[in-house]
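Working notes for the structure below.
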Amino acid sequence: MRAGGTVLVRVRYAPSPTGALHIGGARTALFNFLFARHHRGRFVLRVEDTDQTRLVPGSEAAMMAGLKSLGLTWDEGPDVGGDFGPYRQSERLSLYRRYLEQLEAEGKAYRCYCTPEELQAERERQRAQGLPPRYSGRCRHLSATERAARAGRPSVLRLKVPEGGTTVVDDLIRGPVRFEHAVLDDFVLCKTDGTPVYNFAAAVDDHAMAITHVIRGEEHLSNTPKQILVAEALGFALPQYAHVPMILAPDRSKLSKRHGATSVEEYRAQGILPEALVNYLLLLGWSPPDGNELMSLEQAVAAFDLQRVQHTAAIYDQKKLEWMNAQYLRRLSLERVIEALGPFLAAAGVDPGGGPPLAAAVALTRERARTLAELADQLTFFYRAPERYDLEGAAKYFRHPDTAERLEALAERLQPLAAAWTALALGEAFEELAREWGVKRAEIIHPVRLAVTGRTVGPGLFELMEVLGPGACLDRIRRAAQAIRQGVVGR
RNA sequence: GGCCCCAUAGUCUAGAGGCCUAGGACGCCGGACCCUCAUUCCGGAAACAGCGGUUCGAAUCCGCUUGGGGCUACCA
């Protein structure tokens, strides 16, 4: 397990397949990925599915798809295999059984025959007395005859936690964290049905998979002494631990569905680019040494360092995510943006087939959009004549009594330009007309934008008209004039 | 309740005792540019939770308080 004289770094992301890939999970995976790549180590994906009752069908595949969409690829995992497989805990039961038997044989763990009802009652009693709810250790002190009398009854296996002493978690981010054994109870290692419990399985697998660094959410910090106790009982060397702060909702509570989008899939559906989401997530809890916030995955790999991980929980901010997305919308290649835009155009009912080149239209529009959904919406008029005109706009720009006449005159004047239909030529034509009519250029521009796009906002009119082409432009200008004459709009 | 973690503007953060008159980013407000919107560019408001120590000196170290979060399952 050595490369270049140092231990090969091995980290893991170990989700439970109970739902979609959450942004908190995505960020944990991202930090693991960056740490592994930075140290030229291995990134392992392990599925923690010991509790089959909580399993949500399809979530494992969805979670993997989410990770892949973000560019977070793993070296070992359930789908790609590896030397330390299998990578689903449900397929590793025999391994757990072996260690469980070892602990019992060595007297480091014992059978507990208390029923869930008894334990529940015990906890309630303790709570009522203002005591911390903890397992009393009743079955720990069963005599041999008492034990023999209960043999065959349903039981769980509990770890004998040392009576006194302390376990110290040496956290790479937070420093040493001490836990008195007196506050821990003899926790369950293995359920009645024989399946292992998280704290046991995780400790076993981190060792069995030669994990060197356990990088996970802060919610696991309190569990860590239990896992260390298991590892020590089994004689395992310990990995290093690093607990990263949680991501909270704007009201400082745990992020949940009621706060809007929380899964990677939902952000994709909103029109957030994976590149932007990753970059944003990177900034939640980690800060680049040079202060440059916009960085690619490759740059992040080079710069990443656990030392710069924040200790405080971060509140997720949709506004900054959207700003980040806008940055990527402008910086990414047109090809990449168009590729990602596909589904959003379809959803907006836009068929870019017959119209102007999508690249030209996107080039004019992308700096005005924050999401792909917005971009698709702003692109519609390039491929579809306006079905109606912005109401406030019409009241403002179609109101002048000469509007229809002017639009018609404009169309006539522009007609000969069809062969050389450029933004420059159009600009000059508008300039001339404005002079002839003794009006400001803007007085012509606004009604025309409304006639051509149906909207009052958008790209520069001449650029937009160039891309749209003479046919569509002249047609739309004449149609607007007609609509105004018929009193359908304006006035 | 017990144990654990955390605490710089609305939000993300820089800051490892003097470099801090606390820096950057998003957002917000104002201005410039402009055919609109957006971009861009200028400018602005906005923070070291409180109280005690330690020190010549504290955002930085220590303690307490307050506040937030986590764990406390035969969930992970």
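Chain letters run A, B, ... following the sequence lines, proteins first and then strands; every chain starts at 1.
Within 4.0 Å (heavy atoms only), A:Thr53 reaches no atom of the nucleic acid at all. A:Gln310 comes within contact range of the sugar-phosphate backbone alone, with a heavy-atom separation under 4.0 Å but no base atom that close. Across all strands shown, A:Ser287 has heavy atoms under 4.0 Å from sugar-phosphate atoms exclusively, and none from any base. Counting any heavy atom pair closer than 4.0 Å across all strands shown, A:Arg449 reaches a base atom. Using a 4.0 Å heavy-atom distance criterion, A:Glu218 is classed as a base contact. Within 4.0 Å of A:Arg178, counting heavy atoms only, lie sugar-phosphate atoms of the nucleic acid but no base atom. Among the atoms of the strands shown, only primed sugar atoms or phosphate atoms (P, OP1, OP2) are found under 4.0 Å from some heavy atom of A:Leu283. Note on A:Gly130: only backbone sugar-phosphate atoms sit closer than 4.0 angstrom, heavy atoms only; bases stay farther off. Backbone-only engagement by A:Phe179 is indicated by non-hydrogen atom pairs under 4.0 Å involving sugar-phosphate atoms exclusively. Residue A:Ser222 is classed as a base contact, given a heavy-atom separation below 4.0 Å to a base. Using a 4.0 Å heavy-atom distance criterion, A:Asp51 is classed as a sugar-phosphate-only contact. A:Thr312 comes within 4.0 angstrom of the backbone, heavy atoms only, and of no base. Residue A:Arg455 is out of contact with every strand shown, counting any heavy-atom pair closer than 4.0 Å. Nucleic acid contact class of A:Arg46 (heavy atoms, under 4.0 Å, all strands): none.
Atom name P, nucleotides B:rG30 and B:rG57: the rounded distance is 46 Å, in whole Å. Using C1' as the reference atom, B:rU21 and B:rA7 are 24 Å apart when rounded to the nearest Å. B:rA49 and B:rU13 are spaced 15 Å apart, taking the P atom of each and rounding to whole Å. Between B:rG68 and B:rU8, the distance separating the two C1' atoms is 15 Å to the nearest Å. Distance check on atom C1': B:rU66 versus B:rG43 gives 38 Å, rounded to whole Å. Using atom P as the reference point in both B:rC5 and B:rC61, the two lie 15 Å apart (nearest Å). Comparing the same atom, P, in B:rA59 and in B:rC41 gives a spacing of 34 Å after rounding to whole Å. Comparing B:rA14 with B:rA22, their C1' atoms are spaced 10 Å from each other, to the whole Å.
Within the shown strands, nothing qualifies as a pairing partner of B:rA9 under the Watson-Crick or G-U definition with both distances less than 3.5 Å. Nucleotide B:rG63 is matched to B:rC51 when pairs are restricted to Watson-Crick or G-U wobble geometry with both distances under 3.5 angstrom. Nucleotide B:rC19 forms no Watson-Crick or G-U wobble pair with any nucleotide shown, as no partner meets the under 3.5 Å limit on both distances. Look at B:rA32: its Watson-Crick or wobble partner, with both distances under 3.5 angstrom, is B:rU40. The nucleotide B:rG1 finds its pairing partner in B:rU72, both defining distances of the Watson-Crick or G-U wobble pair being shorter than 3.5 Å.
Ionic pairing of A:Glu48 and A:Arg88 is not present here: no N-O contact between side-chain nitrogen and carboxylate oxygen is shorter than 4.0 angstrom. Comment: A:Glu374 does not engage A:Arg368 in a salt bridge, judged by the lack of any side-chain N to carboxylate O separation of less than 4.0 angstrom. With respect to the salt-bridge test (charged N to carboxylate O, under 4.0 angstrom), the residues A:Asp49 and A:Arg92 do not qualify. Taking 4.0 Å as the cut-off between side-chain N and carboxylate O, A:Glu118 and A:Arg123 do not count as a salt-bridged pair.
Two residues, A:Ala369 and A:Glu219, neighbour RNA chain B, and the one matched to the more 5' nucleotide by heavy-atom proximity is A:Ala369. If A:Val197 and A:His311 are placed on RNA chain B by their nearest nucleotide, the residue sitting closer to the 5' end is A:His311.
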Decide ring-ring contact (aromatic ring centres under 6.0 Å, His included) for A:Phe31 and A:Phe304; before the verdict, give the C-alpha distance in whole Å, the side-chain angles of both, and the deciding distance to 0.1 Å.
CA-CA 8 Å; A:Phe31 283 13; A:Phe304 190 75; 5.2 Å; yes
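Not a single donor-acceptor pair under 3.5 Å links the side chain of A:Ser59 to the backbone N or O of A:Leu55. Formation of a donor-acceptor pair under 3.5 Å by the A:Asp205 side chain with backbone atoms of A:Ala208 is not found in this model.
A 4.0 Å heavy-atom criterion places the boundary nucleotides of RNA chain B facing chain A at B:rG1 to B:rA76, written 5' to 3'.
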For residues 440-449 of chain A, tabulate all N or O donor-acceptor pairs below 3.5 Å that involve a side-chain atom, not counting sequence neighbours.
residue  : atom : partner  : partner atom : Å
A:Glu443 : OE2  : A:Lys440 : N            : 3.4
A:Arg449 : NH2  : A:Pro459 : O            : 3.2

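Ring orientation note: the planes of A:Tyr280 and A:Tyr316 are nearly perpendicular, at an angle over 60° on the 30°/60° scale.
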